[in-house]
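Residue numbers begin at 1 in each chain, while the letters A, B, ... track the order of the sequences.
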Protein chains: 2
Amino acid sequence: MALIDEGDAVRLANIFKTLSDPSRIRLISVLLDGEINVGSLAELVGISESAASHQLRTLRQMRLVSSRRQGRQIFYKLNDAHVADIFQRGLDHVRHD
Amino acid sequence: MALIDEGDAVRLANIFKTLSDPSRIRLISVLLDGEINVGSLAELVGISESAASHQLRTLRQMRLVSSRRQGRQIFYKLNDAHVADIFQRGLDHVRHD
DNA sequence: ATAAAATATGAACATATGAACATAAAAACA
DNA sequence: TGTTTTTATGTTCATATGTTCATATTTTAT
């Protein structure tokens, strides 16, 4: 392995930073089950739609999720297989061990 | 999967938060190669010893690393196989794809 | 056209965070 | 004991972050 360069370190740190908030964690945990619209997501996670929208923007900007409009709703889904992987490893770490 | 509870979400978020800083990322990347003392670590990563010590405390408090004293030096090592795993997945995500 | 529904955005606020600097503590050695 | 080396800790400061509230945007239905 050895020391990784500043650029990669910053990019890697940013990925983890995106995953470093409980609301975003819970949003992602729901998204692991598949596509879902903002309102349902907010209700399931137990945060306001505004808060959900803000956090989803963060996830979108980091390209961890993508969205599509259907009528007046917007459906989000996980965008990246790596994310599910990282998430699951982290959860293993937290839950047992 | 389904929604994870607040407690797990907070714990998981905290793990990722611990990994969300470039200095800590680079410290860990060096620690992946094995045990090493604070001074060498600081020099390799290119930060002050004080900064290294502060960041190592953060990693220690999250139990991601452990330390042992040998004479007047303190050697750190990664404490957890999960961490190396999560780190590697993240790096894969960042480097290619 | 107007109203209602769903989502996004912007501003403001409180809290958290990392960096830098100074100081303390622990161990080795004169 | 006193001094030096190595690491840890405390404090201060500037910046970043998440949430809330108010407002804007987009689509559907009347």
Can you measure L41(A) atom CG to dA8(C) atom P for me and round it to whole angstrom units?
10 Å
Taking CZ from R26(A) and P from dT19(D), how many angstroms apart are they, rounded to a whole number?
11 Å
Atom CD1 of I47(B) and atom C1' of dA20(C) are separated, to the nearest Å, by 13 Å
Provide, to the nearest angstrom, the distance between the CD1 atom belonging to I74(A) and the C1' atom belonging to dT9(C).
13 Å
Less than 3.5 Å apart, which donor and acceptor atoms pair up between the side chains of residues 59-67 of chain B and the rest of the protein, not counting sequence neighbours?
unit_1	atom_1	unit_2	atom_2	d
R60(B)	NE	Y76(B)	OH	3.1
R60(B)	NH2	Y76(B)	OH	3.4
S66(B)	OG	N79(B)	OD1	3.4

Taking every heavy atom of Q70(A) against every heavy atom of R68(A), the minimum-distance pair comes out as OE1-NH1, 2.9 Å
For residues 38-50 of chain B, which side-chain donor-acceptor pairs fall under 3.5 Å, sequence neighbours excluded?
unit_1	atom_1	unit_2	atom_2	d
S40(B)	OG	N37(B)	OD1	2.5
S48(B)	OG	A51(B)	N	3.0

For D85(A), the side chain to side chain donor-acceptor pair (under 3.5 Å) test, sequence neighbours excluded, returns R89(B)
Value in whole Å for how far the P atom of dG18(D) lies from CG of L27(A):
12 Å
Have a look at Y76(B) and say if it touches a base, only the backbone sugar-phosphate, or nothing, with a 4.0 Å heavy-atom cut-off.
sugar-phosphate
Heavy atoms only: give me the nearest D8(A)-D5(A) pair and the separation to one decimal.
N-OD1, 2.9 Å
Does dT7(D) have OP1 or OP2 sitting under 4.0 Å from an N or O in the side chain of N37(B)?
yes
Any residue meeting side chain to side chain donor-acceptor pair (under 3.5 Å) with R26(A), in chain and number order, not counting sequence neighbours
none
Between atom CZ in F16(A) and atom P in dT17(C), what is the gap in whole Å?
17 Å
Taking DNA chain D as the partner, which of residues 17-24 of chain B come within under 4.0 angstrom of it by heavy atom?
none
Among residues 54-73 of chain B, which contact DNA chain C at a heavy-atom distance under 4.0 Å?
H54(B), Q55(B), R69(B), G71(B), R72(B)
Using a cut-off of less than 4.0 Å, is there contact between a side-chain N or O of S53(B) and OP1 or OP2 of dT7(D)?
no
Regarding dT7(D), can its base be found pairing with the side chain of S50(B) as donor and acceptor, where the two atoms are less than 3.5 Å apart?
no
E43(A) CD to dA6(C) C1', straight-line distance once rounded to whole Å:
14 Å
Non-hydrogen atoms of S29(B) and I4(A) that approach each other most closely:
OG-N, 3.2 Å
Should the ring pair F16(A) and F16(B) be called parallel, tilted or perpendicular, given that the plane angle runs from 0 to 90° and is split at 30 and 60?
parallel
Give me the atom names and distance for the closest heavy-atom approach of L32(B) to A84(B).
CD2-CB, 3.6 Å
First encountered from the 5' end of DNA chain D, between A52(B) and A51(A):
A52(B)
